[in-house]
Amino acid sequence: YSTWKRTLTRRAREAQMKRFCKAQAIQRRLEEIEVTFRELEQQGIKLEKLLRDEGGTPADQKTQWMNQLLYLVQKKNSLMSEESDLMIAVQELKLEEQQWQLDQKLRCYMNREESLKTPEERAAEQEILVQLLDVVNKRNVLIHIQEEKRLSEL
């Protein structure tokens, strides 16, 4: 029993550490996206100024600038899509952590002998179960959102 309990504890710590590392990686990528957004914005401003002050520039140059501007818009849209995916991943990590915590609380109540539980403990167990189902439903909604987004991109 003690080996089993240590194994479960170790696996729980590993899962928690994995979620933490994933959250850090997501945060770093979000910061990188923010920096890239600013850079793209600056490049777009320069291109817009060039296009507005075109005066006597050749048509080829104008076309090149327009193509560059369209490329910047595509890149920005791509980054916004990635940012949206990352925000969904952050929500999913939060819900996963919340589910793990609720699951731990529920296990404590379920490990007690049913005849020894007080009415308050039974009510608390039911409340935790309701919360756990709510978290699972929220995670399910996120999965559906991701699937719909993936299908719409195809």
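Just so you know, these numbers use all the heavy atoms, side chains as well, and skip hydrogens, waters and symmetry mates.
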(request) Could you go through the side chain to side chain contact (heavy atoms under 4.5 Å, CB included) check for Glu92 and Gln146 one step at a time? (result) CA-CA 11 Å; Glu92 195 169 349; Gln146 285 176 320; 3.7 Å; yes
(request) List the steps and the verdict of salt bridge (charged side-chain N to carboxylate O under 4.0 Å, His left out) for Glu41 and Arg38. (result) CA-CA 5 Å; Glu41 190 70 32; Arg38 280 190 240 120; over 6 Å; no
(request) Could you check Val35 against Glu39 for side chain to side chain contact (heavy atoms under 4.5 Å, CB included), going step by step and ending with a plain yes or no? (result) CA-CA 6 Å; Val35 169; Glu39 291 170 359; 3.7 Å; yes
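In this structure, Val135 and Gln131 have side chains that are not in contact, with every pair of non-hydrogen atoms separated by 4.5 Å or more. At least one side-chain heavy atom of Arg52 sits less than 4.5 Å from a side-chain heavy atom of Glu48. Within the 4.5 Å cutoff, side-chain heavy atoms of Arg6 are placed close to those of Ser2. Between Leu79 and Leu40 there is a side-chain heavy-atom pair separated by less than 4.5 Å. In this structure, the side chains of Thr63 and Met66 stay at 4.5 Å or more apart for every pair of heavy atoms. For the pair Leu129 and Leu102, the minimum side-chain heavy-atom distance is 4.5 Å or more.
For the atom pair CG (Leu30) and CG (Leu86), the distance works out to 5.0 Å, reported to the nearest 0.5 Å. Distance check: Lys76 NZ to Thr36 OG1 gives 12.5 Å after rounding to the nearest 0.5 Å. Taking NZ of Lys105 as the start and CD of Glu127 as the end, the distance is 10.0 Å to the nearest 0.5 Å. Rounded to the nearest 0.5 angstrom, Leu106 CG and Asn111 CG are separated by 9.5 Å. Expressed to the nearest 0.5 Å, how far CG of Leu50 lies from CH2 of Trp65 amounts to 4.5 Å. Annotation: the span from Asn77 atom CG to Lys75 atom NZ amounts to 12.0 Å, rounded to 0.5 Å.
Using a 4.5 Å cut-off between side-chain heavy atoms of Ile, Leu, Val, Met, Phe, Trp and Tyr, with links allowed through other members, Val136 and Ile128 fall into different hydrophobic clusters. With hydrophobic clusters built from ILVMFWY side chains whose heavy atoms lie under 4.5 angstrom apart, Val141 shares a cluster with Leu132. Grouping the Ile, Leu, Val, Met, Phe, Trp and Tyr side chains by contacts below 4.5 angstrom, directly or via other members, places Ile88 apart from Ile33.
Put simply, the residue from Arg112, Met110, Lys117 that forms a side chain to side chain contact (heavy atoms under 4.5 Å, CB included) with Glu114 is Lys117. Partner of Phe37 under the side chain to side chain contact (heavy atoms under 4.5 Å, CB included) criterion, chosen from Met80, Glu32, Gln42: Met80. For the side chain to side chain contact (heavy atoms under 4.5 Å, CB included) criterion with Phe20, the lone passing option out of Gln24, Lys18, Gln16, Lys22 is Gln24. Results of the side chain to side chain contact (heavy atoms under 4.5 Å, CB included) test with Arg139 over Gln91, Glu96, His144 single out Glu96 as the only residue that passes.
At least one donor-acceptor pair under 3.5 Å links the side chain of Thr9 to the backbone N or O of Lys5. In this structure a side-chain-to-backbone donor-acceptor pair under 3.5 Å is missing from Asp103 to Gln99.
Using a 4.0 Å cut-off between a side-chain N of Lys or Arg and a carboxylate O of Asp or Glu, Glu97 and Lys94 do not qualify as a salt bridge. In this structure, Lys138 pairs ionically with Asp134, as a charged nitrogen and a carboxylate oxygen lie closer than 4.0 Å. Contact check on Arg28 versus Glu31 returns no salt bridge, with no Lys/Arg side-chain nitrogen under 4.0 Å from an Asp/Glu carboxylate oxygen.
Summarising the local packing, CZ of Arg11 is surrounded by 12 or fewer heavy atoms from other residues, nucleotides or ligands at distances under 6.0 Å. The environment of Lys149 atom NZ is dense: over 12 non-hydrogen atoms of other residues, nucleotides or ligands sit within 6.0 angstrom.
When all heavy atoms of Leu69 and Leu47 are compared, the closest pair comes out as N-CD1, 3.6 Å. Heavy-atom minimum distance, Ile26 versus Leu93: CD1-CD1, 3.8 Å.
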